[in-house]
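FYI, the numbering just counts along the sequence from 1.
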Amino acid sequence: MAQDFLPGMESSAISVLKRAVELDTSSRFQEALVCYQEGIQLLMHVLKAVKDDSKKGHYREKIKGYMDRAEQIKDHVNKLKEEGKYHEQIKIADSSIGFSYESLFKPYTRDGLTEVWVEDAYVRHVHQLYNFLRFCEMLLKCPCKVKTIHLLTSQDENSSQQTSALAEIKQSLQSQNVCLDIQYSSTIHDREIRFDNGWIIKIGRGLDYFKKPKGRFSVGYCDYDLRECHETTVDIFHTKHTKKA
């Protein structure tokens, strides 16, 4: 690696590890663990490129400290999983940003995820259908190999738009070798997303927690990490026995 890349690589490592510490302090352990792992990997690249022995010693010490903390978190999370006691809560404040689907769900899409269940009564209107599509796109971009997505929602009997849109999403996912199973319920109320690797995510507002953009050419229209959110609560659990639909 050229020395010219070092400042940028080091800056990236510092940024990711700072985020890891913030998440760790907020008891968002699974997210913190992912950031620690990514930050450590970046520091390892820096260590390999550094020539100065004193700097090498400094980086080795930093890496060891972060690795020790990551291992502690991993053990703690695994213990809670085994006991069925894992519960993490994220409060999304009104008008806050930084909660795209990728940012929120990425830490839980590892560990052999292949099947997903989405229960959300409100995947009906145009923006809600686009939200569901974005969620599916997020799953496609993850390193895991999702093969099946189940959607349980309520049916909009006053419009054919929902049916045609979901049919198009289903066909599009098929071209990516992903099966979309769509079911309707007139009594559904709770909102829940389940992964077959054991993670259960319950969002108070379901997938529909983003605010309408201020304009078609305003910041946050395209990048959902920059889109303002409605106030809501996210509860994350883990079970060794994910209920199948």
Side-chain angles (χ1 to χ4, degrees), residues 92 99-218 220-230 232 234-236 242-245:
I92 299 178
F99 293 98
S100 68
Y101 295 145
E102 188 169 349
S103 296
L104 187 61
F105 291 103
K106 183 181 176 182
Y108 312 99
T109 58
R110 303 187 176 199
D111 305 323
L113 176 64
T114 61
E115 196 166 3
V116 176
W117 292 263
V118 178
E119 295 182 7
D120 191 328
Y122 300 102
V123 183
R124 301 167 59 170
H125 301 304
V126 173
H127 75 282
Q128 295 166 342
L129 290 159
Y130 275 126
N131 283 341
F132 178 67
L133 175 58
R134 287 187 189 93
F135 176 78
C136 293
E137 290 173 337
M138 178 274 299
L139 292 173
L140 288 174
K141 290 194 296 181
C142 289
C144 59
K145 299 296 182 185
V146 172
K147 294 298 182 185
T148 310
I149 301 171
H150 303 271
L151 172 65
L152 179 64
T153 189
S154 61
Q155 190 160 20
D156 186 355
E157 297 178 355
N158 298 318
S159 172
S160 61
Q161 180 176 248
Q162 179 194 34
T163 306
S164 61
L166 287 175
E168 188 173 341
I169 293 173
K170 181 183 178 80
Q171 184 177 13
S172 182
L173 286 170
Q174 273 182 335
S175 70
Q176 301 290 328
N177 298 314
V178 176
C179 174
L180 174 60
D181 170 54
I182 305 164
Q183 301 289 333
Y184 297 102
S185 169
S186 59
T187 58
I188 182 175
H189 181 267
D190 291 343
R191 299 171 174 93
E192 181 176 281
I193 294 170
R194 300 193 307 276
F195 295 157
D196 69 346
N197 59 9
W199 292 108
I200 301 172
I201 297 100
K202 298 186 178 186
I203 308 174
R205 297 183 64 97
L207 292 172
D208 190 11
Y209 59 85
F210 296 109
K211 289 189 173 183
K212 184 178 179 180
K214 294 180 172 63
R216 287 191 301 163
F217 297 97
S218 60
Y221 186 87
C222 298
D223 189 338
Y224 272 60
D225 265 321
L226 299 173
R227 176 74 69 91
E228 291 186 351
C229 299
H230 291 288
T232 194
V234 182
D235 286 288
I236 300 151
T242 304
K243 179 183 174 184
K244 304 243 175 187

Residues which pass ring-ring contact (aromatic ring centres under 6.0 Å, His included) with Phe99, listed by chain and number, not counting sequence neighbours: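 Not a single residue meets the ring-ring contact (aromatic ring centres under 6.0 Å, His included) criterion with Phe99.
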Plane angle bin for Phe132 and Phe135 - parallel if under 30°, tilted between 30 and 60°, otherwise perpendicular: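 Rings of Phe135 and Phe132: parallel, under 30°.
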Aromatic plane relationship, Tyr209 with Tyr101 - under 30° parallel, 30 to 60° tilted, over 60° perpendicular: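 Correct class here is perpendicular.
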Any residue meeting salt bridge (Lys or Arg N to Asp or Glu O under 4.0 Å) with Glu102, in chain and number order, not counting sequence neighbours: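 Per chain and number, Glu102 pairs via salt bridge (Lys or Arg N to Asp or Glu O under 4.0 Å) with Lys141.
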Reported [atom1]-to-[atom2] distance for the pair [X] and [Y], which is rounded to 0.5 angstrom:
X: Asp181; Y: Thr148; atom1: CG; atom2: OG1; value: 8.5 Å
X: Glu192; Y: Lys202; atom1: CD; atom2: NZ; value: 4.5 Å
X: Gln171; Y: Gln176; atom1: CD; atom2: CD; value: 12.5 Å
X: Gln155; Y: Ile182; atom1: CD; atom2: CD1; value: 10.5 Å
X: Cys136; Y: Leu180; atom1: SG; atom2: CG; value: 6.0 Å
X: Glu157; Y: Ser186; atom1: CD; atom2: OG; value: 8.5 Å

Side chain to side chain contact (heavy atoms under 4.5 Å, CB included) assessment of Asp120 paired with Ile203: CA-CA 10 Å; Asp120 191 328; Ile203 308 174; over 6 Å; no
ring-ring contact (aromatic ring centres under 6.0 Å, His included) assessment of Phe195 paired with Tyr108: CA-CA 8 Å; Phe195 295 157; Tyr108 312 99; 7.7 Å; no
Within 6.0 angstrom of His189 NE2, more than 12 heavy atoms from elsewhere: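 Counting neighbours around NE2 of His189, 12 or fewer heavy atoms of other residues, nucleotides or ligands fall under 6.0 Å, so no.
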Trace of the side chain to side chain contact (heavy atoms under 4.5 Å, CB included) decision for Leu113 with Cys142: CA-CA 10 Å; Leu113 176 64; Cys142 289; over 6 Å; no
Verdict with reasoning, Asn131 to Tyr224, per side chain to side chain contact (heavy atoms under 4.5 Å, CB included): CA-CA 10 Å; Asn131 283 341; Tyr224 272 60; 4.3 Å; yes
Donor-acceptor pairs under 3.5 angstrom involving side-chain atoms of residues 161-169: please list them, not counting sequence neighbours.
residue	atom	partner	partner atom	Å
Gln162	OE1	Asp156	N	2.8
Gln162	NE2	Val123	O	2.9
Gln162	NE2	Ser154	O	2.9
Ser164	OG	Ser160	O	3.2
Ser164	OG	Gln161	O	3.0

